[in-house]
Peer 1: 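Have a look at the structure that comes next, please.
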Amino acid sequence: MLNPNIPEYYCDAPDRYILNDMFYNIVYQENSKLNTINEYRLQSFFTNEIKLRLRSLQFPFNSIESMKILDFCCGSGFLSYHLKKLFPKIKIDLIDISPNEICHAQNLLHDYENINFFCGNALDFDYPTQYDLIVGNSFLHHFPNVPQALKKIYSKLSNHGLFISLHEPTIAALGWESGSCHLPLKLLFQKEIFFKHTSTLTQREAYTDIWIFTEKDLYSLLHKQGYINIKTSNSWALRPYLTALYSLHLSEEKNNLSGIESLLLNGSIILDHYLSYIIPSRFFGSCAFLAQKG
């Protein structure tokens, strides 16, 4: 669905996850300007969280060192940094549309070997390599045309290659990330909720957070592009709630977590993982998926 913070006139058919043509250039321009300054999410529990999410998707850990890997829309290099922590011998290519983000990723990963960086629109990426694994973290909801992005990724996969996103926002994220449990609790008893969209877009950065996904819609979008063996995994309830409640977001002003804060966040990650086995998926603010090229 279209993010309620985006005016409805941006999209004629939100169920198809395609914006109107007139807004394409605006979205890509804003994405190309993204600048996270520095990456501070470097503590070991972030590494463990990625490993936990990969495990929940039944990822084949034993074969990753032989894979050709592309970090799609890599941003500041957060995901590749933690993958290198987990699997030091892997080879990774990274691509992002923002020169600022590529610069941050290069600084973050300068001590690691077997890494290549590419700056440009990922939809125009024509490097002559087919990848065994294309992986990303929190990126698909930035694309103005999601089916087009999925088609491009499919074309860059080797035969039976894997595509993974470790986080895409769901409807419940609107509540959890603002420090409120009202909406997620409501979703436990109401499968469909009507959202009123804003009439004007006042913050330019809002152009980059376009979509909110349901597990069902992600499966459908992937299936229509030819992906098979699709697996999904849900998380993020206590984690984003406590992050908002206790101001645990890392930034230049707060670039590290205390021991107690780390224990709190790490505990919430683990508890969310186990809660996902007993609570309906719509309660959680994040959906990860793994899909294979058919």
Side-chain angles (χ1 to χ4, degrees), residues 1-36 72-73 75-76 96-98 100-101 121-123 136-153 165-184 186-187 190-222 224-225 232 234 236 240-241 243-244 249 281-289:
M1 62 174 275
L2 189 66
N3 189 327
N5 294 319
I6 303 286
E8 286 185 292
Y9 57 79
Y10 273 44
C11 183
D12 294 330
D15 58 318
R16 294 172 55 218
Y17 289 88
I18 302 173
L19 284 187
N20 297 339
D21 289 344
M22 63 185 295
F23 299 109
Y24 270 42
N25 289 336
I26 296 174
V27 171
Y28 283 122
Q29 286 170 12
E30 293 304 310
N31 276 309
S32 68
K33 296 176 187 175
L34 284 174
N35 187 359
T36 55
F72 202 77
C73 303
S76 62
D96 199 273
I97 196 172
S98 167
N100 294 319
E101 296 293 88
N121 188 337
L123 297 182
N137 185 65
S138 190
F139 71 97
L140 199 57
H141 63 284
H142 294 314
F143 279 95
N145 187 325
V146 175
Q148 182 186 36
L150 294 177
K151 183 177 181 180
K152 176 62 178 184
I153 292 167
S165 176
L166 291 175
H167 164 68
E168 294 300 337
T170 69
I171 296 171
L174 296 171
W176 290 127
E177 293 183 8
S178 63
S180 170
C181 60
H182 175 73
L183 175 60
K186 191 175 180 180
L187 285 165
Q190 260 180 276
K191 292 185 178 181
E192 294 187 10
I193 296 178
F194 174 77
F195 292 93
K196 184 178 180 180
H197 287 257
T198 183
S199 57
T200 57
L201 195 60
T202 56
Q203 293 182 313
R204 296 289 292 183
E205 59 268 23
Y207 281 105
T208 62
D209 291 324
I210 305 168
W211 310 108
I212 293 172
F213 296 100
T214 66
E215 191 175 30
K216 180 180 178 181
D217 282 354
L218 278 172
Y219 186 95
S220 177
L221 286 162
L222 290 161
K224 286 178 181 178
Q225 295 302 321
T232 58
N234 296 93
W236 284 26
Y241 179 70
T243 298
H249 294 285
S281 61
R282 58 184 179 275
F283 180 72
F284 296 93
S286 172
C287 185
F289 64 81

Peer 1: Heavy atoms, side chains only, cut-off 4.5 Å: are Ile171 and Leu187 in contact?
Peer 2: yes
Peer 1: Do any N or O atoms from the side chain of Asn20 and from the backbone of Tyr9 form a donor-acceptor pair under 3.5 angstrom?
Peer 2: yes
Peer 1: Residues two or more places apart in sequence or in another chain: which of them pass side-chain contact (heavy atoms from CB on, under 4.5 Å) with Lys186?
Peer 2: His182, Gln190, Ile193
Peer 1: Between Glu215 and Thr232, is any side-chain donor less than 3.5 angstrom from a side-chain acceptor?
Peer 2: yes
Peer 1: Under the side-chain contact (heavy atoms from CB on, under 4.5 Å) rule, collect the residues that match up with Ser178, sequence neighbours excluded.
Peer 2: Ser180
Peer 1: Within the 4.5 Å heavy-atom criterion, are Thr170 and Phe284 side-chain neighbours or not?
Peer 2: no
Peer 1: Considering only heavy atoms from C-beta outward, does the side chain of Pro144 approach that of Phe23 to under 4.5 Å?
Peer 2: no
Peer 1: Kindly compute the distance separating CG (Asn145) from CZ (Phe143), expressed to the nearest 0.5 Å.
Peer 2: 10.0 Å
Peer 1: Could you tell me whether a side-chain N or O of His142 sits under 3.5 Å from a main-chain N or O of Thr208, the two making a donor and an acceptor?
Peer 2: yes
Peer 1: Check whether Asp96 reaches the backbone of Gly75 with its side chain - one donor and one acceptor, N or O, closer than 3.5 Å.
Peer 2: yes
Peer 1: Determine yes or no for a side-chain-to-main-chain donor-acceptor pair under 3.5 angstrom, with Ser281 supplying the side chain and Asn234 the backbone.
Peer 2: no
Peer 1: Do Ile210 and Leu19 have side chains that approach each other closer than 4.5 Å (heavy atoms only, starting at C-beta)?
Peer 2: yes
Peer 1: Search all heavy atoms of Thr36 against all heavy atoms of Ser76 and return the closest pair with its distance.
Peer 2: OG1-CB, 3.5 Å
Peer 1: Once you round to the nearest 0.5 Å, how far does NE2 of His141 lie from SG of Cys287?
Peer 2: 13.0 Å
Peer 1: Quick one, Asn121 with Tyr28, criterion side-chain contact (heavy atoms from CB on, under 4.5 Å). Give me CA distance, side-chain angles, the key distance, then yes/no.
Peer 2: CA-CA 8 Å; Asn121 188 337; Tyr28 283 122; 3.8 Å; yes
Peer 1: If every non-hydrogen atom of Cys11 is compared with every non-hydrogen atom of Leu2, which pair is closest and at what distance?
Peer 2: CB-CD2, 4.1 Å
Peer 1: Can you sort out the partners of Tyr219 under ring pair (Phe, Tyr, Trp, His ring centres under 6.0 Å), two or more places apart, ordered by chain and number?
Peer 2: none
Peer 1: Can you name the residues that form a side-chain contact (heavy atoms from CB on, under 4.5 Å) with Pro184, not counting sequence neighbours?
Peer 2: Ala172, Trp176, Phe283
Peer 1: Do side-chain atoms of Glu8 reach the backbone of His197 as a donor and acceptor pair under 3.5 angstrom?
Peer 2: no
Peer 1: For Phe213, enumerate each residue passing the ring pair (Phe, Tyr, Trp, His ring centres under 6.0 Å) test, keeping only those at least two apart in sequence or located in another chain.
Peer 2: Tyr17
Peer 1: Quick one: does Asn3's side chain get under 4.5 Å of Tyr10's, heavy atoms only?
Peer 2: no
Peer 1: Taking all non-hydrogen atoms of both residues, which atom of Asn31 and which atom of Ser98 are closest, and how far apart?
Peer 2: O-CB, 3.7 Å
Peer 1: When rounded to the nearest 0.5 angstrom, what distance separates CD in Gln29 from CD1 in Ile97?
Peer 2: 9.5 Å
Peer 1: Output, in order, the C-alpha distance, side-chain angles, deciding distance and verdict of side-chain contact (heavy atoms from CB on, under 4.5 Å) for Gln148 and Lys151.
Peer 2: CA-CA 5 Å; Gln148 182 186 36; Lys151 183 177 181 180; 5.7 Å; no
Peer 1: Give the minimum heavy-atom separation between Glu101 and Leu34, together with the two atoms involved.
Peer 2: CG-O, 3.5 Å
Peer 1: Side chains of Ser286 and Glu168: is there a donor and an acceptor less than 3.5 Å apart?
Peer 2: no
Peer 1: To check you understand the geometry: which heavy-atom pair defines the closest contact between Leu221 and Pro147, and what is its length?
Peer 2: CD2-CG, 4.1 Å
Peer 1: Closest heavy-atom contact between Pro4 and Ile212?
Peer 2: CD-CD1, 3.7 Å
Peer 1: Is there a side-chain contact (heavy atoms from CB on, under 4.5 Å) between Leu140 and Leu218? Walk through the geometry before answering.
Peer 2: CA-CA 10 Å; Leu140 199 57; Leu218 278 172; 4.2 Å; yes
Peer 1: Who pairs with Glu177 by side-chain contact (heavy atoms from CB on, under 4.5 Å), at least two apart in sequence or on another chain?
Peer 2: Ala173, Trp236, Pro240
